[in-house]
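Have a look at the structure below before the remarks.
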Amino acid sequence: MNQVPRTFRLAAVSIVATSAFAFNAHAATISRLTPPSELFASGNTDPVIARFLPGQLFDLQVTVQPDTGKTIANFAFYVDGLPVTDRNNAAVAARVSIVGENGPTDTCVDESGMTTGQSGCTLVAGLPSNTVVISQRAYSKGSPGVHELKFMARQSDGTLISAKGNFEIVGIERNAGGVAKNIIIFLGDGMGAAHRTAGRIMAKGYAQGKAKGLLTMDTFPYTGMVMTASLNSIVTDSAPGMQNYVTGNKANNNQEGVFPDDTLDAFDNPRVEYLSEYLHNLQGKALGVVTTADVFDATPASMAVHTSARGNGTGIVDQFLDDRELTGLSVLMGGGRKWFLPNASDSVSPQPANGSQRRTANDYVLPGDVVAGWGASPGAIDPDRDLIGDFQQAGFRYAPDKTALDAAFARGAPDKLLGLFAYSNMNVAYDKIAGRRGDGTVVDAFGFPDQPMLDEMTDKALQVLAKNRNGFVALIEGASIDKQAHLMDSDRWPLEVIEFDRAIAVGKAFAESHPDTLVIVTADHECSGAAIIGASTASAADLEANPASGPAVVGTYDAAKFPKYTIADDGYPMTTNIDHRMLIGYGANADRYETWLPSTFPTKDTQQPFPPAESPESALVRNANIGFLITGQVPGDQAVHTATDIPLSAFGRGGSLFHGVFDNTEVFFKAGQAAIGGAQ
Ligand SMILES: [Zn+2]
């Protein structure tokens with residue numbers, strides 16, 4: 001075990017408090033201690049919830065409810081019995097934020113009287129009015145093992161209040177196998193085992209019970225099963241689903257790179273350092289983020305952005321650029337241009353003609369202690385910001401479409417790259433491929449006929465990232481496996497799996513020519529409870545003649561036989577509308593009308609500023625007058641995520657660390673081991 005040294009770490013302390021006047025008699029309590037622990041929650045020392053790599057930054061925070069009419073006079077955090085503040089923080093004066101009770105005239109001010117926040121500095125509802133939230137920002141510890149965290153405060157009447165928790169520093173072994181200089185995480189959003197199988201059946205087919213070929217992800221030598229729960233639920237959403245992999249810690253649903261807190265500000269939560277930030281600081285690695293979604297979406301943001309509200313698009317995309325010195329961001333590609341275009345009037349309705357959805361309501365300003373502790377950019381409320389221009393000023397080459405993306409590489413790879421190929425989520429493979437084959441009905445209706453495929457984006461991203469001599473961390477996300485599974489579109493999500501696998505082939509080839517590369521293929525969670533229930537006993541023509549035929553045409557067991565798709569030269573099925581097609585059922589479904597036939601238009605994507613009128617409103621409306629009603633078990637009109645474990649496959653340097661059944665947070669420690677201590 002070797003301790004990894006860490007330098008240049010400063011921290012700052014803050015207090016957020018409501019004004020101190022009493023309403024009900026109340027006995028002093030500490031209602032939250034961060035990082036989360038079972039020792040604090042239940043008194044048990046096991047399991048340890050919060051775990052960090054040596055030197056990884058995280059915030060300490062406590063919510064204290066003093067006795068009625070009392071205030072907190074002084075306080076300190078202790079780790080293993082030693083006070084934290086002075087030892088870590090000699091160079092930075094404590095910053096104290098005080099806020100009045102809820103009300104629009106209140107402002108957050110730090111001890112020098114500067115206003116630090118625009119909105120939401122107040123505490124969540126229901127806490128006594130003299131409650132305080134005290135933060136120790138950007139703490140880190142080097143020595144491996146379980147450590148005790150204690151908080152002690154003295155009330156204004158002299159009463160002592162205290163609470164105890166624990167956390168673990170996970171050591172790194174020095175191994176002889178060499179370090180993983182590059183880490184590529186392929187994240188198939190919502191991709192469970194069934195999604196992988198469906199993609200394989202469609203792309204490769206069967207001969208007498210044997211698969212005629214493997215997906216690239218199937219060829220990886222190491223496979224494990226991952227438990228995907230978030231901090232507050234067995235069923236995660238995409239924010240903790242991703243951030244748990246790259247922080248080593250659990251977040252609540254909707255939260256990215258933070259622990260939960262008791263303040264309303266979505267950008268002041270206790271932070272935990274990302275793999276990208278940690279390895280950029282330690283080794284100078286670059287970060288690349290590539291997705292078929294809007295780049296503000298939960299999965300890409302959970303590589304680099306700290307917020308408790310995944311919907312804060314303006315602040316999220318701003319933070320990608322503003323904190324590039326912390327993360328090493330060099331490549332950002334996907335959809336989401338609507339967040340980058342200036343909204344001069346801050347208008348939501350009517351929709352600005354340029355498609356902008358930047359607005360004050362979801363922009364960000366950081367409190368002073370976060371800025372001081374983490375060296376983060378303070379942010380600004382600037383809906384009129386020209387963020388594409390600011391990226392270009394920062395040295396990023398900008399590509400608005402595939403033609404421009406190719407042109408950006410005409411004289412070699414640029415140093416930094418921004419690609420924004422749609423207003424919001426990019427069109428899915430099913431529709432992009434139709435456009436390339438001459439049927440631009442859908443991509444033209446969305447207004448973006450020239451979008452790259454994910455394998456093309458991956459190739460360009462890796463060319464840029466490979467220029468960094470210190471290596472890189474990359475996320476490549478196949479985002480709409482999830483989005484189309486939510487919509488129960490059984491034609492569109494299998495093609496998303498195929499598109500994703502073609503990108504994985506690019507990553508695998510890169511790792512073969514750069515053997516100091518670790519490649520992981522995984523998912524953040526399963527989506528929809530998808531299952532391959534068999535195949536149609538009817539021809540495509542018969543289904544079109546009888547679109548409400550429903551279960552009568554579902555061939556189960558031997559009646560399913562082996563559906564045969566023909567793959568075109570572009571790598572995708574000539575059509576999904578074959579005779580005796582594969583049929584999908586959904587175990588986590590809302591009501592829908594099913595025809596077993598493809599829909600010309602994708603079902604409505606509410607993120608689009610200008611959704612085409614032809615898109616059906618939902619899977620319930622889609623085919624409502626012609627299909628067969630399948631009733632579901634969940635409310636709403638979409639299928640939902642499930643708690644089912646998902647498969648992970650690994651290849652390359654350090655890949656052998658990934659086997660067995662493990663928690664999603666373990667991926668962070670395995671990747672850190674590979675990058676710092678090396679493979680066995
Ligand atoms: Zn997801």
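In listed order, ligands and their atoms are each counted from 1.
Side-chain polar atoms of Asp605 and Gln608 form a donor-acceptor pair below 3.5 angstrom.
Taking the centre of each ring, Phe167 and Phe58 come in below the 6.0 Å mark. Centroid-to-centroid, the aromatic rings of Phe340 and Phe391 come within less than 6.0 Å.
For the Zn ion (ligand 1), the N/O/S atoms of His525 include one lying under 2.8 Å. Taking 2.8 Å as the threshold, Ser238 counts as a candidate ligand of the Zn ion (ligand 1), since one of its N, O or S atoms lies below it.
The two atoms that bring Ala530 and Trp493 nearest to each other are CB-CZ2, 4.0 Å, heavy atoms only.
Between the OD1 atom of Asp189 and the OD2 atom of Asp524, the angle centred on the Zn ion (ligand 1) amounts to 100° when rounded to 10°.
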